2 protein chains.
Amino acid sequence: MTTKTYGQYCGVARALELVGERWALLIIRDLLVGPKRYTDLRAGLPKIPTNVLATRLKEFEQAGLVVRRVQPRPSGAIVYELTEYGADLDEVVLALGRWGARSLGELRPDEIITAEVLVMALRSTFHPSRSKAKYELHFGDLVVHAIVDGADLTVDLGPLEGAVVLEAFAPIAPLLTGAIDGAAALQSGLLKTSGTAKHVDHFAATFPIAPTP
Amino acid sequence: MTTKTYGQYCGVARALELVGERWALLIIRDLLVGPKRYTDLRAGLPKIPTNVLATRLKEFEQAGLVVRRVQPRPSGAIVYELTEYGADLDEVVLALGRWGARSLGELRPDEIITAEVLVMALRSTFHPSRSKAKYELHFGDLVVHAIVDGADLTVDLGPLEGAVVLEAFAPIAPLLTGAIDGAAALQSGLLKTSGTAKHVDHFAATFPIAPTP
DNA sequence: CTGGATCCACACAGATACTG
DNA sequence: CAGTATCTGTGTGGATCCAG
């Protein structure tokens, strides 16, 4: 939330006054996956200066996008959680992700991939269908899962019992650009499944070059 | 386009590196309505520092979002026009506008409304229907028009022959927040039509407090 | 260890003046 | 009309430090 305004009575301008500053929508992106602690957010955004993260969280709280909750004992942890208002930024973040993914080239050495990025990538490239399927996607140490039920998609962190397991291998960076879809990736061997994955083409994209373990 | 990157292989991060700086998406918003000259952009964004506008346009051109064209004689004017790649930010801008419009309160004295803002507001609040209609909306000196054809909507600057003319009066600010729709506005007298407007409820919102002429 | 606060250097934004 | 130049301030980056 900048103190400076754009001087326009316009939804776009107002939105940018609230979430247009540096790092803001990346913090929102991670919180869209689920509530997170301060340290979790830092881990997911290693390059964010700590004072900037603290400032953004305070601004979000004041603007009503985020609530700061203290977990009951024994954890006592402080978590930041999106309000419904904040969570309504979902379609904004997905639209941005869809557009920006086309500009992703090779994975650069200084770039990281987090589980939150995988979750949002799956969600933003989802094609509605009429079939049902469960996937568990492994990318290096990261594990996320997706549940496809026709036009509905649920994606979350961690493994899922009974899901088809997909392993992402290098170099499949072009997939994330939408140039190749999941079915083609399976055929080409860039994407490998441990089971029978008939519906990988639910997603226009999978994932980029795997980290070298 | 910041020289600083976010260090993430993520569509959202990449998008924000391209159009995440201050004023960037407001320039894009105006260009989404149509090609514009440097002076037109300044007029639509009175508070933008001229060097920032020049810098953004250069960044957009280098990133392939915008092309700088010199019009044939006699005009010889220089216009900036979105490429297809840049125009694909349409859904991002509309999503941002929809979300941000809910936070629009009263029109502040230092805030202006432009025809481009009206166009994007109409587009972002459109409800698909099965009917056909043509509207011409007047707001102070500003005139825009909308053509509804079922699920298709065309909005552009200026008047339109044979359209139903709508006049927006103060204070109808709450409409832009989506709290009241066009039909209710007509009934309440906040929105007035010179003809028979049966389908104003195509739009969830109309417009804020009129400028005092 | 979590959840920050503080400090400093600097890049970028804001404002204004000026030019081909 | 379409910018460039310059100066000033604030926000950001980066490192370090501190309290519960």
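It should be emphasised that the depicted structure is a prediction, and the values quoted were computed from it without experimental measurement. By convention in this document, chain letters (A, B, ...) are assigned in the order of the sequence lines, proteins followed by strands, and residues within each chain are numbered from 1.
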field: Distance test, side-chain N/O of B/Lys4 to OP1/OP2 of D/dG14, below 4.0 Å
entry: yes
statement: Rounded to whole Å, CZ of B/Arg42 lies from P of C/dA17 at a distance of 13 Å
- prompt: Has the side chain of A/Asn51 got a donor or acceptor atom sitting under 3.5 Å from an opposite partner on the base of D/dT12?
  reply: no
Side-chain donor-acceptor pair present, A/Tyr80, A/Arg69, cut-off under 3.5 Å: no
query: Between C/dA13 and B/Arg56, is there an OP1 or OP2 to side-chain N/O distance shorter than 4.0 Å?
result: yes
message: Any non-hydrogen side-chain atom of B/Leu157 less than 4.5 Å from a side-chain atom of B/Glu116?
response: yes
- prompt: Passes salt bridge (charged side-chain N to carboxylate O under 4.0 Å, His left out), A/Asp88 versus B/Arg98? Steps please.
  reply: CA-CA 10 Å; A/Asp88 285 340; B/Arg98 257 190 305 274; over 6 Å; no
- prompt: Whole Å only: how far is the CD1 atom of B/Ile48 from the C1' atom of D/dA2?
  reply: 14 Å
task: Check whether any side-chain N or O of A/Trp23 sits under 4.0 Å from OP1 or OP2 of D/dG11, and answer yes or no.
output: no
statement: Winner on side-chain proximity to B/Val52, out of C/dA13, C/dG3, C/dA5, is C/dA13
- line: Rounding to 0.5 Å, atoms NZ (B/Lys36) and CG (B/Leu45) come to a distance of 10.5 Å
- prompt: Taking C-beta and beyond as the side chain, do A/Phe60 and A/Leu82 meet within less than 4.5 Å on heavy atoms?
  reply: no
query: Over how many whole Å does the gap from B/Glu59 atom CD to C/dA11 atom C1' extend?
result: 13 Å
task: With pairs defined as Watson-Crick or G-U wobble and both distances under 3.5 angstrom, please note down DNA chain D as a dot-bracket string, | for pairing with another strand.
output: .|||||||||||||||||||
task: Would you tell me whether A/Arg22 and B/Tyr6 have side-chain atoms, one donor and one acceptor, within less than 3.5 Å of each other?
output: yes
message: Expressed as a whole number of angstroms, how long is the span from B/Asp110:CG to C/dG14:C1'?
response: 16 Å
query: Taking the side chain of B/Ala77 as its heavy atoms from C-beta onward, which of D/dG13, C/dA13, D/dA2 lies nearest to it?
result: D/dA2
field: D/dG3 phosphate, OP1 or OP2, under 4.0 Å from B/Tyr80 side-chain N/O
entry: yes
message: If you only use heavy atoms from C-beta on, which nucleotide in D/dA2, D/dT12, C/dG3 is closest to the side chain of B/Thr39?
response: D/dA2
message: Nearest whole Å is fine: how far is D/dG11 P from A/Glu17 CD?
response: 14 Å
field: Student check: side-chain heavy atoms of B/Ile112 and A/Tyr9 closer than 4.5 Å
entry: no
Rounded distance in Å - CG (A/Leu57) to C1' (C/dA5): 14 Å
statement: Comparing A/Ala54 with B/Lys47, nearest DNA chain C nucleotide closer to 5' gives the residue A/Ala54
- prompt: Which one, C/dT2, D/dG11, D/dG3, comes nearest to the side chain of A/Arg37?
  reply: C/dT2
- line: When rounded to whole Å, the OH to C1' distance for the pair A/Tyr38 and D/dC18 reads 13 Å
- line: From OH of B/Tyr6 across to C1' of D/dG14 the rounded distance in Å is 16 Å
Phosphate OP1/OP2 of C/dC12 contacted by A/Arg22 side-chain N/O (<4.0 Å): no
- request: Under 4.0 Å between any heavy atoms, over every strand shown, what does B/Thr50 touch: base, sugar-phosphate, or nothing? Just pick one.
  value: base
B/Leu137 and B/Val143, any side-chain heavy atoms less than 4.5 Å apart: no
